[in-house]
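One structure is given here, and the rest of the page talks about it.
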Amino acid sequence: MPTASKKTSREWIDGFLFVGNHLALDFLNTRPVLAEGPKELLPDVDALVRWLVASGLLTRAEGRALARKWRRTPQSARFLRELLKFRERLRATIIRQEAGFSVSDAFIGELNSLLKEDPSVIALQRTGKKLLLGTIFKPENPNDVWAPIGIAVAEFLSNVSPGRVRKCESCVVHFLDTSKKGSRRWCSMNICGNKIKVAAYQQRKRAEVKKIR
Ligand SMILES: [Zn+2]
């Protein structure tokens, strides 16, 4: 099961933001603040399924079939509500971690409960001429989606150096800094980097004008 987002070359995929460099952070970043204000990118189960496809956890065909099956069922609505609450607990955990605090026992316990429900199986699969041993994720029920998200978060908390995780200086997006120097400051140059650079430039110009006067 992938824990790093498969498609990191593009910042936006099907209306979702993929700048976190880790699936756990890309999941967290499904509620960004855009020019028009905070935006919930997972407002319904259709959106959730599209996100699972965009993040590479499901194929398009699997996504289409699941969206039809899960659409407007009370079970999927309940699941989505719980998932979004979990996302906010994850946000609190990551903010705490960025401030140098360790992960709470309650959150570790919650994650371990999610991991127990993992429906994926290990199987040998043919990919072209090669055989690949790996886990297969074939969700039947919305609750099955807890597993890949739980695994991604658990992998993130256990493997990623907290010093490399930070929030964008200009918005609510968190990312894993994989740059060589470890000096990444923004979620994306296109979204926030340019905005800050322009603001800094204007401030410098204003200061220069004041000096001349
Ligand atoms: Zn940003």
Side-chain angles (χ1 to χ4, degrees), residues 1-42 47-48 50-58 83-104 107-108 110-111 148-208:
M1 196 170 288
T3 48
S5 303
K6 274 185 184 169
K7 304 165 183 174
T8 48
S9 54
R10 283 162 58 196
E11 292 177 348
W12 291 95
I13 300 171
D14 194 19
F16 299 106
L17 196 54
F18 287 91
V19 294
N21 279 333
H22 196 288
L23 186 65
L25 295 178
D26 289 331
F27 167 63
L28 184 68
N29 293 334
T30 51
R31 204 197 63 188
V33 176
L34 304 175
E36 62 272 21
K39 181 144 172 74
E40 177 55 75
L41 299 179
L42 302 177
L48 173 65
R50 283 198 296 109
W51 183 80
L52 293 170
V53 173
S55 59
L57 287 168
L58 294 177
L83 183 71
L84 297 189
K85 281 189 211 160
F86 172 77
R87 184 187 63 190
E88 297 318 306
R89 289 195 290 280
L90 172 63
R91 191 182 312 282
T93 296
I94 286 176
I95 289 171
R96 267 174 63 91
Q97 210 187 25
E98 285 166 355
F101 296 99
S102 60
V103 180
S104 74
F107 195 72
I108 292 172
E110 183 176 10
L111 272 179
I149 291 178
I151 290 170
V153 172
E155 193 275 335
F156 175 82
L157 294 176
S158 58
N159 283 346
V160 166
S161 162
R164 281 283 181 149
V165 184
R166 56 190 81 107
K167 192 174 90 53
C168 171
E169 286 184 13
S170 174
C171 77
V172 298
V173 164
H174 294 258
F175 57 83
L176 171 61
D177 184 357
T178 53
S179 69
K180 223 175 187 177
K181 285 184 180 167
S183 56
R184 181 174 160 192
R185 296 165 64 194
W186 306 303
C187 58
S188 138
M189 192 46 104
N190 293 329
I191 301 168
C192 286
N194 286 332
K195 203 164 68 189
I196 294 185
K197 283 196 164 172
V198 169
Y201 174 79
Q202 284 168 342
Q203 206 169 12
R204 266 199 315 274
K205 279 284 160 204
R206 274 198 296 274
E208 278 170 23

Next on the checklist: Just so I know, are the side chains of Val153 and Glu155 near enough to count as touching, which here means a heavy-atom distance under 4.5 Å?
Outcome noted: no
Please give me the minimum heavy-atom distance between [X] and [Y], naming the atom from each residue.
X      : Y      : result
Asp177 : Gly182 : OD2-C, 2.8 Å
Ile191 : Ser188 : N-OG, 3.0 Å
Cys187 : Val173 : CB-CG1, 3.4 Å
Ala152 : Ala24  : O-CB, 3.8 Å

Checklist entry - Going through the distances and angles, do Phe16 and Val53 end up as a side-chain contact (heavy atoms from CB on, under 4.5 Å)? => result CA-CA 11 Å; Phe16 299 106; Val53 173; over 6 Å; no
Next on the checklist: Test of understanding: with ring pair (Phe, Tyr, Trp, His ring centres under 6.0 Å), list the residues that count as partners of Phe27, not counting sequence neighbours.
Outcome noted: Trp51
From [X] atom [atom1] to [Y] atom [atom2], the distance as rounded to the nearest 0.5 Å:
X      : Y      : atom1 : atom2 : answer
Leu28  : Lys167 : CG    : NZ    : 11.0 Å
Leu90  : Leu84  : CG    : CG    : 12.0 Å
Phe175 : His22  : CZ    : NE2   : 15.0 Å
Phe156 : Thr93  : CZ    : OG1   : 10.5 Å
Leu176 : Leu23  : CG    : CG    : 12.5 Å
Leu48  : Leu83  : CG    : CG    : 6.0 Å

For [X], what residues pass the salt bridge (charged side-chain N to carboxylate O under 4.0 Å, His left out) criterion, not counting sequence neighbours?
X      : result
Lys181 : none
Arg184 : none
Glu88  : Arg31, Arg91

Next on the checklist: Using modelled atom types and a 3.5 Å cut-off, is there a donor and acceptor pairing between side-chain atoms of Asp26 and backbone atoms of Gly20?
Outcome noted: yes
Item to check | Arg87 side-chain N/O to Asn29 backbone N/O, donor-acceptor pair under 3.5 Å | outcome: no
Checklist entry - Taking only residues two or more places apart in sequence or in another chain, which ones pass side chain to side chain donor-acceptor pair (under 3.5 Å) with Ser158? => result none
Next on the checklist: Can you classify the ring geometry of Phe86 versus Phe107 as parallel (below 30°), tilted (30 to 60°) or perpendicular (above 60°)?
Outcome noted: parallel
Next on the checklist: For Leu25 and Ile94: C-alpha separation, side-chain torsions, deciding distance, then whether side-chain contact (heavy atoms from CB on, under 4.5 Å) applies.
Outcome noted: CA-CA 9 Å; Leu25 295 178; Ile94 286 176; 3.6 Å; yes
For residues 96-103, please give each side-chain donor-acceptor pair under 3.5 Å, one per line with the distance, not counting sequence neighbours.
residue: Arg96; atom: NH2; partner: Ser102; partner atom: O; Å: 3.0
residue: Glu98; atom: OE1; partner: His174; partner atom: ND1; Å: 3.3
residue: Glu98; atom: OE2; partner: His174; partner atom: ND1; Å: 2.6

